[in-house]
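Proteins get letters first, then strands, A, B, ... in listed order; numbering begins at 1 in each.
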Amino acid sequence: MSKQEKTAIEPTREQNYAEWYQQVIKNADLAENSDVRGCMVIKPWGYAIWENIQRALDTMFRETGHRNAYFPLFIPKSYFEKEAEHVEGFAKECAVVTHSRLEDDGNGGLMVAGELTEPLIVRPTSETIIGASFAKWVNSYRDLPLLINQWANIVRWEMRTRLFLRTAEFLWQEGHTVHETAEDAMEETRKMLEVYARFAAEYLALPVIMGEKTEGEKFPGAVNTYCIEAMMQDKKALQAGTSHFLGQNFAKSSGIKFQGRNGEFEFAWTTSWGVSTRLIGALIMAHSDDNGLALPPKIAPSHIAIIPIYRDENEKSSVLAYCDRIQQLFAKEYFEDIKIYCELDDRDLTGSERNWYWIKKGIPIRLEIGPRDIESDAVMMARRDKEPRDKQSVGVNNLRDYVLQSLKDIQDTYYQRALSFREANTVQVDDNRKFYKFFTAKNAETPEIHGGFAESHWCGDVACEEKIKEDLKVTIRCIPFDAVEVEGRCICCGKPSRRRVIFAKSY
RNA sequence: CGGGAUGUAGCGCAGUCCGGUUAGCGCGCUCGGUUCGGGACCGAGAAGUCGGAGGUUCAAAUCCUCUCAUCCCGACCA
């Protein structure tokens, strides 16, 4: 048996992917489960990632003409009831507020009192409450388009939760827009999906597939739902963002009407689109390895960790003074539009312990600095996208440029790796038996990582979609925008089909 | 909401079957010292309503009843 290098995270991805995911989060100190059932506490290192996501996306929303606003957390039940499909989709996972105060129960405890005349629903999404405002704001075609975004928390009462991927309360942004014509609304829907795709690629180093959801998978109340889908390292798909063309459904239920160019009143056309803290889950599962979190520089809370190495007090003072100078090198530096943060880790721990600490946190670059380096006016640099012991000496005179270039390289490497991985695990399948084999684990008891994205023909019948879901837990992730028109036969029933769709197991 | 399991120190566990001194162990934490470029070591120390309530008993972490919570597997979902 060959000697295996010890990994920082146990189990490895191969051994137990779900547990590996939890351990990466724990070891990087991103978040933890709260005492409140199904809710998470996002810790500073994890929250900083969310803040970076917010900053980048918010800039992109501004550039596309959107403005931020804030709407109530509570939605009156009657508002919610107005859109039938919407109700059906969310009814089973709503937290409902029915009382307005607490009273002494006489036993040192409290009892609820003050029943509300109308229950309030804690928003699972805000179409209805925002629609009520929009109905007042929109009177004329001159008021359109109305382009609003909200950063908020929402609640969906989930039975089973996983940190970042599915929690009862989570953070997101929801864009809500109103347009004069169906074409304008559709254009907005597509435009914002492209914004998401660009953000995922450029900041999260996450290649995504843009496409349309099937009837069964679309947002309750939408006419069309579009999505970006990414492949995780266990070859499952993760929906990383959605954009909905709502037609006139919500305009009708909320009464969003305007006087058009011909003087007639008509219902407006609306859209909504969102991404959530789930993106952090995507980030983790796309790039991290068996040594822990790996963060693309453009979204990392911090970019460089300086790790001083010394033996005694004498060395300590000279090494720390030198490290301080190195830290100053990056004090006002930018990597593209990202401000560089450089940590000096002078905690009283062994060098390797501090080293592994930062590896597990996913910091892109580590600089080990000891007496030997100072003599040659250099530092030992290690990159998170390479092996932990793969370090090289870099002269201080060109350290700044070298680090900046390395950050760019790391960002590119993560994107390319994720893209190659997805391509290597995407197959065209036209044979029903091969399809079933592709999505069936060899080891049924503890399934190994298997499957991937299957590009296969689908006739368009919901029954076929349902059957495959029931048999394999595989669903149609999307009908890709770039799917080519090609004759084929449905992977399930064999009836004619005009294009391939993407099948995968999903989160 | 159905099936299975588990609640003992901050975390991970042993002890429960077969009741019996002061409830242990590893990690972490605190203090002191030696260390520090592949995950250090030595010494000392703090820390527990044994998930909760009731019962059986001279005696309960251990047996009985009820209850609460969490995790896993399903069904449902961003």
Side-chain angles (χ1 to χ4, degrees), chain A residues 3 5-10 16 18-19 22-23 26-27 32-38 88-94 124-125 154-162 164-174 196 213 216-220 225 227-230 237-244 272-282 291-292 307-313 315-316 319 345-360 366-374 378-382 387-393 445-447 469-470 473 475 477 506-507:
Chain A
K3 191 176 168 185
E5 297 227 329
K6 190 182 172 188
T7 58
I9 301 295
E10 284 178 350
N16 184 342
E19 180 62 19
Q22 306 281 1
Q23 289 301 321
K26 188 175 170 186
N27 281 278
E32 62 191 22
N33 278 307
S34 150
D35 292 344
V36 184
R37 182 199 177 90
E88 201 182 318
F90 287 107
K92 280 174 286 183
E93 47 183 18
C94 286
T125 179
I154 58 175
V155 169
R156 294 181 187 175
W157 213 257
E158 299 290 347
M159 295 315 244
R160 282 183 70 186
T161 59
R162 294 185 71 186
F164 293 117
L165 297 174
R166 176 159 292 110
T167 48
E169 180 192 11
F170 59 96
L171 307 180
W172 79 346
Q173 72 48 230
E174 47 182 325
Y196 287 155
K213 285 293 187 191
E217 296 277 329
K218 75 177 193 191
F219 177 76
T225 287
C227 62
I228 52 172
E229 295 281 332
L238 186 139
Q239 179 178 306
T242 50
S243 185
H244 315 292
S272 69
W273 27 274
V275 298
S276 71
T277 36
R278 193 179 224 208
L279 284 177
I280 299 174
N291 287 323
I307 301 161
I309 308 291
Y310 43 78
R311 267 184 284 274
D312 52 41
E313 284 301 312
E315 281 185 358
K316 183 176 176 177
V319 169
D345 187 354
D346 60 354
R347 291 176 299 166
D348 189 20
L349 297 168
T350 66
S352 40
E353 188 154 352
R354 285 174 286 155
N355 210 2
W356 283 102
Y357 173 86
W358 290 108
I359 290 172
K360 288 184 281 190
R366 307 186 305 281
L367 302 177
E368 292 182 29
I369 303 176
R372 293 208 299 266
D373 305 300
I374 297 175
V379 305
M380 289 302 283
M381 186 181 115
E387 291 302 308
R389 67 192 318 175
D390 183 353
K391 303 169 192 173
Q392 58 170 317
S393 185
E445 300 216 338
T446 50
K469 185 176 180 182
E470 208 158 289
K473 290 178 196 158
T475 50
R477 298 323 304 155
S506 74
Y507 279 94

Item to check | B:U65 and B:C29, which share atom name C1', separated by this distance in whole Å | outcome: 40 Å
Checklist outcome for this item: Closest to the 5' end of RNA chain B, once A:Glu93 and A:Thr161 are matched to their nearest nucleotides, is A:Thr161
Checklist entry - Between A:Lys473 (NZ) and B:G74 (C1'), how many Å, whole number? => result 8 Å
Checklist entry - With both distances under 3.5 Å as the test, what is the Watson-Crick or G-U wobble partner of B:A61? => result none
Checklist entry - Between A:Lys360 and B:G39, is there a side-chain N or O to OP1/OP2 distance below 4.0 Å? => result no
Checklist entry - Expressed as a whole number of Å, how far does the C1' atom of B:C25 sit from that of B:U8? => result 12 Å
Checklist entry - Taking atom P of B:G39 as reference, at what distance in whole Å does atom NZ of A:Lys391 sit? => result 10 Å
Next on the checklist: Between B:G39 and B:G28, how many Å separate the two P atoms, rounded to a whole number?
Outcome noted: 15 Å
Checklist entry - Does A:Asn355 get its side chain close enough to the base of B:G37, under 3.5 Å, for a donor-acceptor pair? => result no
Next on the checklist: What's A:Thr167 touching, base or sugar-phosphate or nothing? Going by heavy atoms closer than 4.0 Å.
Outcome noted: base
Checklist outcome for this item: Sequence neighbours excluded, the answer for ring-ring contact (aromatic ring centres under 6.0 Å, His included) partners of A:Tyr357 is none
Item to check | C1' gap between B:A14 and B:G4, integer Å | outcome: 23 Å
Checklist entry - Reckon A:Pro220 touches a base, only the sugar-phosphate, or nothing at all at heavy-atom distances under 4.0 Å? => result nothing
Checklist entry - Can you tell me the Watson-Crick or wobble partner of B:G39, both distances under 3.5 angstrom? => result none
Checklist entry - Over how many whole Å does the gap from A:Glu158 atom CD to B:C1 atom P extend? => result 15 Å
Next on the checklist: Could you tell me how far apart A:Asn291 (CG) and B:G39 (P) are, to the nearest whole angstrom?
Outcome noted: 14 Å
Checklist entry - What's the CZ-P distance between A:Arg162 and B:C76, to the nearest Å? => result 18 Å
Item to check | With A:Tyr196 via ring-ring contact (aromatic ring centres under 6.0 Å, His included) - residues at least two apart | outcome: none
Item to check | Residue that, paired with A:Arg354, satisfies side-chain contact (heavy atoms from CB on, under 4.5 Å) out of A:Asp348, A:Ile307, A:Ile359 | outcome: A:Ile307
Checklist entry - Considering only the P atoms, how many Å lie between B:U6 and B:U16, rounded to the nearest integer? => result 14 Å
Checklist outcome for this item: When rounded to whole Å, the CD to C1' distance for the pair A:Glu217 and B:C76 reads 12 Å
Item to check | Pair assignment for B:G7, Watson-Crick or G-U wobble, requiring both distances under 3.5 Å | outcome: B:C68
Checklist entry - Taking atom C1' in both B:A23 and B:U70, what distance in whole Å separates the two? => result 24 Å
Next on the checklist: Classify A:Phe170 by what it touches in the nucleic acid, base, sugar-phosphate, or nothing, heavy-atom distance under 4.0 Å.
Outcome noted: base
Next on the checklist: Any strand counts, and the cut-off is 3.5 Å on both contacts for Watson-Crick or G-U wobble. Which nucleotide pairs with B:U49?
Outcome noted: none
Checklist outcome for this item: Rounded to whole Å, the CE-P distance (A:Met381 to B:G37) equals 20 Å
Next on the checklist: At 4.0 Å (heavy atoms only), tell me whether A:Ala240 reaches a base, stays on the sugar-phosphate, or touches nothing.
Outcome noted: nothing
Next on the checklist: Any strand counts, and the cut-off is 3.5 Å on both contacts for Watson-Crick or G-U wobble. Which nucleotide pairs with B:A23?
Outcome noted: none
Checklist outcome for this item: Rounded to whole Å, CD of A:Gln22 lies from P of B:C72 at a distance of 7 Å
Item to check | Sugar-phosphate, base or nothing in reach of A:Leu165, heavy atoms under 4.0 Å | outcome: base
Checklist entry - Out of A:Glu368, A:Arg366, A:Gln392, which one pairs with A:Met380 under the side-chain contact (heavy atoms from CB on, under 4.5 Å) rule? => result A:Glu368
Checklist entry - How far, in whole Å, is B:C31 from B:C71 if one measures between their P atoms? => result 35 Å
What does the list of N/O pairs under 3.5 Å between the protein and nucleotides 33-36 of chain B look like, with a distance for each?
| unit_1 | atom_1 | unit_2 | atom_2 | d |
| --- | --- | --- | --- | --- |
| B:U35 | O4 | A:Asp348 | OD1 | 3.1 |
| B:C36 | O2 | A:Leu349 | O | 2.8 |

Checklist entry - Any idea which heavy atoms bring A:Pro388 and A:Asn291 closest together, and the distance? => result CG-ND2, 3.3 Å
Checklist entry - Does any nucleotide pair with B:C17 by Watson-Crick or G-U wobble geometry, both distances under 3.5 Å, and what is it? => result none
Item to check | Within-4.5 Å side-chain heavy-atom neighbours: A:Ile309 and A:Asp373 | outcome: no
Next on the checklist: Roughly how many Å apart are B:G48 and B:A5, using the C1' atom of each and rounding to a whole number?
Outcome noted: 24 Å
Checklist entry - Taking a pair as Watson-Crick or G-U wobble with both distances under 3.5 Å, which nucleotide is matched to B:G28? => result none
Checklist entry - CD/A:Glu174 to CH2/A:Trp273 distance, rounded to the nearest 0.5 angstrom? => result 10.0 Å
Checklist entry - Which listed nucleotide (B:G37, B:C76, B:G38) is nearest to the side chain of A:Trp356? => result B:G38
Next on the checklist: What I'd like to find out is whether the side chain of A:Gln239 reaches to under 4.5 Å of the side chain of A:Ser506, using heavy atoms alone.
Outcome noted: no
Next on the checklist: Check A:Glu19 with A:Lys26, please: is the shortest side-chain N to carboxylate O separation under 4.0 Å?
Outcome noted: no
Checklist outcome for this item: Taking a pair to mean Watson-Crick or G-U wobble geometry with both distances below 3.5 Å, B:G74 pairs with B:C1
Checklist outcome for this item: Nearest-nucleotide check on RNA chain B, A:Asp373 vs A:Tyr507; residue mapping nearer the 5' end is A:Asp373
Checklist entry - Using a cut-off of 4.0 Å on non-hydrogen atoms, how would the nucleic acid contact of A:Glu368 be classed: base, sugar-phosphate, or nothing? => result base
Checklist entry - Counting only heavy atoms not in A:Arg347, do more than 12 fall under 6.0 Å of its CZ? => result yes
